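All values below come from the heavy atoms of this structure, side chains included, with hydrogens, waters and symmetry mates left out. Bear in mind that the values here come from a model prediction, so they are computed numbers and not experimental data. Below, chain A is the first sequence line, B the second, and so on; all start at residue 1.
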Amino acid sequence: MKSEPDVYGIDHLSAQKRKTDHWDGIRNYQARNFIRDEMKKGDLAFFYHSNCEEPAIVGMMEIVQEAYPDHTAFLSSEKYFDAKSDPNNPRWYMVDVRFKKKFKIPVTLKTLKQEKVLAQMRLVQRGNRLSILPVTDKEWKHILKIAGEL
DNA sequence: GCCAACGTTGGC
DNA sequence: GCCAACGTTGGC
């Protein structure tokens with residue numbers, strides 16, 4: 001799951017009450033489908049810092065609440081307001097995540113790209129802008145190993 | 001339903 | 001700050 005550290009980084013999440021927050025602002029259908037259809041309570045996810053000096057996977061978190069309507073889409077005062085999302089037929093969803101761990105050594109995009117095992121990851125593929133991406137078990141373990149967490 | 005124009009993302 | 005790669009929009 002990607003986020004810009006200047007806007008909302010992993011330290012923001014860990015500073016939340018109970019280290020938990022909702023992951024709002026997803027306004028892309030593919031990303032929404034992952035959120036809504038694939039994420040289950042208890043699943044783990046990587047926290048990725050994007051659009052910054054050193055893009056990297058910086059830690060991990062847990063899905064603690066499965067998809068429910070993203071209410072920020074309903075409020076015209078919100079940055080991610082979407083007039084086409086009707087409260088009676090919501091278009092956008094979010095999950096709640098709880099901070100689990102911040103890696104001592106972030107796994108940089110540069111490193112990820114050098115790993116043959118990870119070449120198939122959508123995250124490392126050129127021009128990928130999706131903010132929610134699947135990770136296979138194999139990739140997950142490999143990344144944890146690089147992070148020195150396994 | 002095509003596709004040009006436009007806006008956004010995000011690495012560099 | 002640049003720009004390639006996408007996704008979305010809207011005229012036709």
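- One atom, CZ of A:Arg27, and another, P of B:dG10, lie 15 Å apart when rounded to the nearest Å.
- With hydrogens and angles ignored, the 3.5 Å screen pairs no side-chain donor or acceptor of A:Asp96 with any backbone N or O of A:Val64.
- Straight-line distance from the CG atom of A:Asn128 to the P atom of B:dG10: 8 Å, rounded to whole Å.
- Within 4.0 Å (heavy atoms only), A:Lys113 reaches sugar-phosphate atoms of the nucleic acid but no base atom.
- Note: A:Tyr8 and A:Phe47 have parallel aromatic rings, judged against thresholds of 30 and 60 degrees for the angle between ring planes.
- Taking only side-chain nitrogens and oxygens, A:Arg126 never comes nearer than 4.0 Å to OP1 or OP2 of B:dG11.
- The phosphate of B:dG11 has OP1 or OP2 within less than 4.0 Å of a side-chain N or O from A:Tyr48.
- Distance CG (A:Leu130) to C1' (B:dG11): 16 Å, rounded to an integer number of Å.
- Atom CG of A:Asp82 and atom C1' of B:dG7 are 15 Å apart (whole Å).
- Atoms CG (A:Asn28) and P (B:dG7) sit 18 Å apart, rounded to a whole Å.
- A close approach under 4.0 Å does occur between a side-chain nitrogen or oxygen of A:Lys84 and OP1 or OP2 of C:dT9.
- For the pair A:Asp6 CG and B:dG11 C1', the computed distance is 15 Å after rounding to whole Å.
- When atom types are taken as modelled, the side chain of A:Arg32 and the backbone of A:Arg91 share a donor-acceptor pair closer than 3.5 angstrom.
- Atoms NE2 (A:His49) and C1' (B:dG11) sit 16 Å apart, rounded to a whole Å.
- Residue A:Gln125 contributes atom CD, which lies 13 Å from atom C1' of C:dA5 at whole-angstrom precision.
- Residue-to-nucleotide proximity on DNA chain C shows that, of A:Asn51 and A:Gly127, the 5′-proximal contact is made by A:Asn51.
- A donor-acceptor contact shorter than 3.5 Å links the side chain of A:Asp43 to the backbone of A:Lys40.
- Contact annotation: A:Lys2 does not reach the phosphate of B:dG11 (side-chain N/O to OP1 or OP2, under 4.0 Å).
- The closest side-chain donor-acceptor pair between A:His142 and A:Glu115 falls under 3.5 angstrom.
- Here A:Glu4 lies out of heavy-atom contact (under 4.0 Å) with every strand.
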